Peer 1: 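Below you'll find the structure I mean.
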There are 2 protein chains.
Amino acid sequence: MNTSRPRGPGRPALTRTDGTPIRVLVVDDDPDLAEVLSGALRYEGWEVRTAGDGVSAVAEARDLLPDAVVLDVMLPDTDGFTVLRSLHAVRSDVCVLFLTARDAVEDRIAGITAGGDDYVTKPFSLEEVVARLRGLLRRAGMARQLEDGPRLTVGDLTMDEEAREVTRGGELVELSPTEFELLRLLMHNPRRVLSKAQILDRVWSYDFGGQAHVVELYISYLRKKVDAGRPPMIHTVRGAGYVLKPAAR
Amino acid sequence: MNTSRPRGPGRPALTRTDGTPIRVLVVDDDPDLAEVLSGALRYEGWEVRTAGDGVSAVAEARDLLPDAVVLDVMLPDTDGFTVLRSLHAVRSDVCVLFLTARDAVEDRIAGITAGGDDYVTKPFSLEEVVARLRGLLRRAGMARQLEDGPRLTVGDLTMDEEAREVTRGGELVELSPTEFELLRLLMHNPRRVLSKAQILDRVWSYDFGGQAHVVELYISYLRKKVDAGRPPMIHTVRGAGYVLKPAAR
DNA sequence: GGGTGCGCTGAGAGCGGGCTCAGAAGTTGC
DNA sequence: GCAACTTCTGAGCCCGCTCTCAGCGCACCC
């Protein structure tokens, strides 16, 4: 996996207010999942460490003083709530993103999002995890946006990630959840060719068994809504993937 | 380190008159509850500390000199009223919000609130606790409102939090307590998508075991009263949650 | 210029999220 | 003690979303 990654031109990156990379701690007892996650976060240009249980998580946190923690609720030793308390003791303004099984949502998530923290249910897509973390960090005010705020812009296409609002040339564009996620990925990587495999990896959840064919399908949906009669911004690079770039005048 | 969490767009924040964050001490012997509470208060941008019993509460108070204290009446060592006296000795103008069981309300609480303090009965919703604290601080004159007073406005929708009065386009809208609380949360977060879990966490009491289904139900109630024939302000974002925004022109 | 395969799109099935209605249980006020 | 109101549960329905399948067009290669 490619670990060195200069941000592409136009790639909006978050850094800490002093300009150093954002520090994230990933806590999950499944090493494979932790690896995939930390890969995606490093791809954002962030500094990442991992821990496999609650005790080492707190130990790592004491050392790293992370800005954010990605925390599996089900850990071999302790439950998420206890870890949360310890983390807040280490650094009171830490942001926490919980990972939880879908059916476990109801019972004990209660109160977790109250402190401004957030959660995603397994299985999740990497794009979603990254987006949630970005949102948390931005709201906590510990991050500095290198570009202009929560509104993402490519050409005359804009996306407000918090309001989930997309406009093209001032007109509102209505998107389904998956379409939105796909467009978000494209808009975070303007002028960069993304392969179908990359897109599948980031937009669809990691346990998705389907074909790369869905990517073509959703690109076609997006074109109908985003390009619709206007000069095209979504381009196919045959044999390589897709690019989003401002429409040539 | 940046400990203040700037409110989202349109989110009215309170600070002390010198502009520094409001300082709150949370006293409860249930660590989970204390954690949830302090999370919610930190989310308001306030500085929070916790204590688990009366003795450490007074010790913390001497150190922090809090503007307000959230105080469980039932403590392992002392009762709330003794703590109250000690707190007033530390800082005579401190605001106190009592937490009490429903059936214990009658007798002595009444006398307390005469002193300008307030109470909520368990189980409570976080939105309620935060609202009561805001009211206390404002009345005590130790807080400075960063935005425009107690009246909340989104489009042609207004809410007077103190009078519990809501108008849409000048017309009075009558709401039940829960409906009011839900709308308050939405109006504090205009143009931001709130998930059902977030709403559940803040509007319903922390021990509510029910389904996210009630949120849909109450959204539908609100729509009937707030949107009723007018251009809709409450929007569903499928798979994500709900947003309140000014009606499109 | 013809073949090959990649990419595009239309049709449609299945599913599940979200809305509404009806009613039970609890609460408040007269 | 009754009436009005509020809150929440359950059931059923509808429709939007997702994905599969299949057929076709077009780009590229020889």
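A, B, ... follow the sequence lines: proteins, then strands. Residue 1 opens every chain. This is a predicted model, so every value here is computed, not measured.
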Peer 1: One thing to verify: whether B:Arg151 and B:Glu162 come together as a salt bridge, which I'm taking to mean a side-chain N less than 4.0 angstrom from a carboxylate O.
Peer 2: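 Salt bridge between B:Glu162 and B:Arg151, a charged N being under 4.0 Å from a carboxylate O: no.
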Peer 1: Under 4.0 Å from OP1 or OP2 of D:dT7: is there any side-chain N or O of B:Trp204 that close?
Peer 2: no
Peer 1: Return the set of residues passing side chain to side chain contact (heavy atoms under 4.5 Å, CB included) with A:Gln198 (not counting sequence neighbours), or none when no residue passes.
Peer 2: A:Leu194, A:Ser195
Peer 1: Is the centre of the B:Trp204 ring less than 6.0 Å from the centre of the B:Phe124 ring?
Peer 2: no
Peer 1: Measure the distance from CD on A:Gln211 to C1' on D:dT18 and round it to the nearest whole Å.
Peer 2: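 Atom CD in A:Gln211 sits about 15 Å away from atom C1' in D:dT18.
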Peer 1: With sequence neighbours left out, write down each residue that passes side chain to side chain donor-acceptor pair (under 3.5 Å) with A:Lys225, or none if nothing qualifies.
Peer 2: A:Glu179
Peer 1: So does A:Lys122 pair up with A:Asp72, basic N to acidic O under 4.0 Å?
Peer 2: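 A salt bridge links A:Lys122 with A:Asp72.
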Peer 1: Starting at atom OH of B:Tyr218, determine the distance to atom C1' of D:dC5, rounded to an integer number of angstrom.
Peer 2: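 The distance from OH of B:Tyr218 to C1' of D:dC5 comes to 10 Å, rounded to the nearest Å.
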Peer 1: Rounded to the Å, how far apart are A:Phe208 CZ and D:dC19 C1'?
Peer 2: 7 Å
Peer 1: Identify all pairs in which a protein N or O lies below 3.5 Å from an N or O of nucleotides 19-22 of chain C, and state each distance.
Peer 2:
{"from": "C:dC19", "atom 1": "OP1", "to": "B:Arg223", "atom 2": "NH2", "distance (Å)": "2.5"}
{"from": "C:dC19", "atom 1": "OP1", "to": "B:Thr236", "atom 2": "OG1", "distance (Å)": "2.6"}
{"from": "C:dC19", "atom 1": "OP2", "to": "B:Tyr242", "atom 2": "OH", "distance (Å)": "2.6"}
{"from": "C:dT20", "atom 1": "O4", "to": "B:His213", "atom 2": "NE2", "distance (Å)": "3.2"}

Peer 1: D:dT18, OP1 or OP2 - any side-chain N/O from A:Thr178 closer than 4.0 Å?
Peer 2: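 Yes, A:Thr178 has a side-chain N/O under 4.0 Å of OP1/OP2 on D:dT18.
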Peer 1: Grab the CZ-C1' distance between A:Arg164 and D:dC17 for me, whole Å please.
Peer 2: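 Rounded to whole Å, this separation is 14 Å.
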Peer 1: Check whether the side chains of B:Thr50 and A:Arg85 place a donor and an acceptor atom closer than 3.5 Å, and report yes or no.
Peer 2: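 Their side chains do not contain a donor-acceptor pair, so the 3.5 Å distance test is not met.
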Peer 1: With DNA chain D as reference, determine whether B:Pro177 or B:Arg238 sits nearer its 5' end, using the nearest nucleotide of each.
Peer 2: B:Pro177
Peer 1: B:Glu181 CD to D:dT7 P: how many Å, rounded?
Peer 2: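 Rounded to whole Å, this separation is 10 Å.
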Peer 1: Rounding to an integer number of Å, can you tell me how far A:Leu200 CG sits from D:dT18 P?
Peer 2: 14 Å
Peer 1: Whole Å only: how far is the CG atom of A:Asp207 from the C1' atom of D:dC19?
Peer 2: 15 Å
